[in-house]
Asker: 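Let me give you the structure first, and then I'll get to my questions.
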Amino acid sequence: MTQTAIDNLAHEDRIFEPPADLAAHANVKADEYERAAADRLGFWAEKAQLLTWETPFTEVLDWSDPPFAKWFVGGRLNVAYNCVDRHVENGLGDKVAFHFVGEPGDTRDLTYAQLKDEVSKAANALTELGVRAGDRVAIYLPMIPEAVIAMLACARLGAPHTVVFGGFSSDALASRVEDCSAKVVITADGGYRRGAPSALKPAVDAALEKLGDASPVEHVVVVRRTGQDTAIVEGRDRWWDDVVDTASPEHTPEAFDSEHPLYVMYTSGTTGKPKGILHTTGGYLTQCAYTFQAVFDHKRDTDVYWCTADIGWVTGHSYIVYGPTAMAATQVLYEGTPDTPHKGRWWEIIADKGVTLFYTAPTAIRTFMKWGREIPAKYDLSSLRILGSVGEPINPEAYVWYRTHIGGDRTPVVDTWWQTETGAHMMSPLPGVTAAKPGSAMAALPGIAVDVVDDTGKSVANGEGGYLVITEPWPSMLRTIWGDDERYKDTYWARFPGVYFAGDGAKRDEDGAIWILGRVDDVMNVSGHRLSTSEIESALVSHPAVAEAAVVGATDETTGQAVVAFVILRESAGEGGDDLVAELRSHVAKEIGPIAKPRQIMVVPDLPKTRSGKIMRRLLRDVAENREVGDATTLADSSVMDLITAGLRKPSSGE
Ligand code: WTA
């Protein structure tokens with residue numbers, strides 16, 4: 001969204017007040033902000049009581065060694081017990097935890113009692129395979145119930161999981177397995193995607209082959225999902241059917257320290273190497289549980305919740321697996337794409353399951369806008385009462401369309417700002433309290449302290465823009481980058497000493513509401529997925545035809561940003577034609593995954609660099625967005641941009 005667009009909007013005075021009936025019965029009332037501000041740590045201590053602790057904590061926060069935080073010091077608890085067992089003990093055993101909908105149309109309901117048995121069996125099976133507290137387990141699965149079961153089984157054992165998105169390539173899987181030394185990989189033969197089975201297991205085989213003797217993996221557990229032919233390595237690979245289905249459903253959960261590692265989630269940073277973001281136990285689960293019931297106003301006995309995120313992203317972790325199950329929610333879990341077998345699939349599921357709370361990404365909303373409002377209009381969406389958005393700035397047009405055509409102009413839209421690193425929601429309107437402006441995440445949640453600062457770290461005034469920072473530690477904050485405390489300090493705590501720098505630009509409008517303007521670093525946001533420019537650049541230069549590459553995120557109507565690459569070819573590669581461009585695009589998909597495939601690759605004679613050799617991406621972005629090229633006077637060779645733009649009169653582009 002451009003600055004002008006935001007300024008225009010701020011003057012439009014389009015504000016949606018909370019509906020009166022929702023406000024009257026909301027879980028969280030207006031006084032919560034003041035209570036939290038008056039005693040922030042006391043507030044979080046109170047919210048920690050949403051969980052069941054085996055041993056109560058003795059101190060809320062230990063911040064004696066910043067930026068390394070310890071929350072709920074001395075407390076002990078088991079995450080899986082909190083997300084599953086205690087609900088069964090409380091008489092909710094027959095409540096549906098997941099309404100699973102497979103892409104081919106198969107369905108499976110899993111109650112909390114069944115989930116408890118499945119998680120216990122998986123925990124017993126993993127123990128049998130040698131997994132102990134502290135060991136890492138990689139999970140590479142489609143969106144099927146076993147993904148949730150596997151994650152909760154790891155949590156139950158205190159074995160941190162690292163879930164790798166099923167759309168990532170074998171190389172991406174290999175580097176993650178290696179970085180966190182995973183002992184076991186849990187995968188499937190395949191999953192259903194766009195109407196056809198799509199294999200997963202071969203990517204695991206390729207990843208482990210790549211790691212060779214250095215592979216830390218002792219066993220691969222394979223869920224049978226599609227029934228396709230699957231190679232099994234004797235001794236190493238086991239079918240889930242054989243090890244989990246036959247295991248005992250009795251398993252006693254052990255309580256772990258509040259700071260015991262829960263999982264590592266890899267995300268893109270500004271360098272080529274993904275960062276393993278470490279989340280721990282008590283603080284993470286507290287903030288996931290609290291924000292789930294505050295931001296979605298979740299009512300345990302009546303709501304049906306659906307988050308469309310994949311389990312391979314942090315949203316799937318915090319708002320499918322951990323927050324909602326901690327609060328005994330009933331959820332929909334859908335395996336496939338929104339247009340299979342038809343473009344009304346999501347709305348059909350909402351009508352069929354009576355979904356009341358719905359959480360998705362702006363890129364999906366913009367796709368539906370393109371497909372036309374007639375499609376959702378065919379379905380009864382009257383069960384919906386709150387809509388959520390996550391992953392990137394939601395443009396006001398998409399917000400209003402979502403509210404009008406999906407929400408019947410009745411439902412509040414909660415625009416939730418957070419990150420893999422923050423673990424849980426940090427900014428969002430509260431649906432029963434906060435009036436919302438389309439396109440603004442509004443304000444920090446109770447108990448969270450954010451600010452917008454200028455270059456020198458000073459708070460900006462209303463009406464001004466700057467950098468988004470978090471000024472106080474929060475329970476679900478990342479604890480470090482796996483194996484790299486220095487990078488953790490440098491990346492997040494060095495830009496503005498003493499506060500967390502989120503990497504996003506933001507603006508405070510005349511009323512003090514906060515608008516997120518997107519990343520200010522070399523991280524792109526494509527369809528709500530984080531990709532780093534340098535990661536894609538390294539993938540491109542790993543191809544023998546490429547001498548040098550520069551990647552930028554260009555504004556894209558549907559995906560928010562799109563990957564546009566500029567490459568200089570090696571002499572030996574000749575001029576490069578459409579075939580080579582197509583090959584380079586596939587090469588990136590193979591190295592990282594299809595989501596990283598450039599929308600466009602331009603073959604150029606040179607790249608714009610400053611005298612110190614830094615690529616001026618700003619100028620390339622101008623080219624990628626078909627704008628007049630901005631000030632190029634600091635270039636080492638100012639004729640470069642002329643060469644690039646002249647050469648592009650006959651662009652080689654992707655599909
Ligand atoms: C962006 C996803 C504007 C932002 C949960 C952030 C958003 C990055 C919003 C984190 C939002 C996420 N409005 N921008 N509501 N939510 N972002 O780690 O740039 O995949 O820094 O976490 O997404 O992406 P991540």
Side-chain angles (χ1 to χ4, degrees), residues 1 5-6 163 165 167-168 263-270 274-279 287-288 291-292 295 307-320 322-323 359-366 387-396 398-399 402 413-429 436-445 448 450 452 465 467-470 476-478 481 491-492 495 500-507 513-532 535 553 559-561 595-596:
M1 195 185 330
I6 289 170
V163 182
F165 174 51
F168 275 142
Y263 67 82
V264 179
M265 168 99 247
Y266 287 85
T267 189
S268 295
T270 52
K275 304 176 281 197
I277 303 298
L278 175 68
H279 284 293
Q287 196 172 327
C288 286
T291 52
F292 176 69
V295 172
C307 166
T308 66
D310 192 279
I311 229 115
W313 307 109
V314 75
T315 306
H317 283 52
S318 301
Y319 295 103
I320 296 178
Y322 292 114
Y359 194 25
T360 195
T363 182
I365 299 165
R366 289 191 298 265
L387 303 177
S389 170
V390 62
E392 56 176 311
I394 179 163
N395 49 309
Y399 182 111
Y402 190 29
V413 174
V414 288
D415 178 6
T416 61
W417 178 86
W418 59 296
Q419 308 178 298
T420 304
E421 292 87 341
T422 70
H425 296 161
M426 300 296 279
M427 283 201 281
S428 170
K437 302 182 184 186
S440 169
M442 300 305 293
L445 289 168
I448 300 297
V450 304
V452 181
Y467 304 98
L468 185 69
V469 296
I470 305 169
S476 64
M477 65 194 279
L478 75 165
I481 292 175
T491 309
Y492 305 107
R495 177 73 178 80
Y500 171 91
F501 174 44
D504 280 323
K507 177 183 163 151
I514 295 179
W515 299 71
I516 309 294
L517 304 175
R519 305 289 306 191
V520 295
D521 51 16
D522 292 335
V523 175
M524 293 172 288
N525 192 326
V526 179
S527 298
H529 299 147
R530 275 167 70 168
L531 295 169
S532 95
E535 204 178 347
T559 59
Q561 283 189 310
I595 49 163

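From a predicted model like this one, the values you see are computed outputs, not experimental measurements. Order of listing sets the numbers, starting from 1, for every ligand and every atom in it.
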Asker: Is there a nitrogen or oxygen of Thr315 sitting under 3.5 Å from a nitrogen or oxygen of ligand 1?
Answerer: no

Asker: Which atoms from ligand 1 have a heavy atom of Ile516 less than 4.0 Å away?
Answerer: 3 (C), 14 (N)

Asker: I'd like to check which ligand 1 atoms, numbered from 1 as shown, lie under 4.0 Å from a non-hydrogen atom of Val390.
Answerer: 5 (C)

Asker: Looking only at the aromatic ring of each residue, does the gap between the centers of Tyr399 and Tyr402 stay below 6.0 angstrom?
Answerer: no

Asker: Is Arg530 touching ligand 1 with its side chain, its backbone, both, or neither, if touching means heavy atoms under 4.0 Å apart?
Answerer: side chain

Asker: Can you check which of Asp521, Val523, Asp504 brings a heavy atom nearest to atom 21 (O) of ligand 1?
Answerer: Asp504

Asker: Is ligand 1 less than 4.0 angstrom away from at least one heavy atom of Gly391?
Answerer: yes

Asker: For Gln419 and ligand 1, does the shortest N/O to N/O distance drop below 3.5 Å?
Answerer: yes

Asker: Could you list the atoms of ligand 1 found under 4.0 angstrom from a heavy atom of Thr420?
Answerer: 18 (O), 20 (O), 22 (O), 25 (P)

Asker: Does the salt bridge (charged side-chain N to carboxylate O under 4.0 Å, His left out) test come out yes or no for Arg366 and Glu392, once each step is laid out?
Answerer: CA-CA 12 Å; Arg366 289 191 298 265; Glu392 56 176 311; 3.1 Å; yes

Asker: Would you call the rings of Phe165 and His529 parallel, tilted or perpendicular, taking 30° and 60° as the class edges?
Answerer: tilted

Asker: I want to know whether His425 and Tyr319 have ring centres closer than 6.0 Å.
Answerer: yes

Asker: If you round to the nearest 0.5 Å, how far is OG of Ser268 from CG of Asn525?
Answerer: 10.5 Å

Asker: Relative to each other, are the rings of Tyr492 and Tyr500 parallel, tilted or perpendicular (30° and 60° limits)?
Answerer: parallel

Asker: For atom 15 (N) of ligand 1, which candidate among Val314, Asp415, Leu468, Ile394 provides the closest heavy atom?
Answerer: Asp415

Asker: Would you check, one step at a time, whether the test side-chain contact (heavy atoms from CB on, under 4.5 Å) holds for Arg530 with Trp313?
Answerer: CA-CA 10 Å; Arg530 275 167 70 168; Trp313 307 109; over 6 Å; no

Asker: Please list, in number order, the atoms of ligand 1 under 4.0 Å from a heavy atom of Asn525.
Answerer: 1 (C), 23 (O)

Asker: Measure the acute angle between the ring planes of Tyr322 and Tyr263, then classify it against the limits of 30° and 60° as parallel, tilted or perpendicular.
Answerer: parallel

Asker: Which residue and non-hydrogen atom of the protein lie closest to atom 3 (C) of ligand 1, and at what distance in Å?
Answerer: Pro393 N, 3.1 Å

Asker: On a heavy-atom basis, I'd like to know which of Glu392, His317, Met524 is closest to atom 11 (C) of ligand 1.
Answerer: Glu392

Asker: Report yes or no: does Thr559 contribute a side-chain atom to a donor-acceptor pair with the main-chain N or O of Gln561 at less than 3.5 Å?
Answerer: yes

Asker: Which of the numbered atoms in ligand 1 are below 4.0 angstrom from a heavy atom of Thr416?
Answerer: 9 (C), 11 (C), 15 (N), 16 (N)

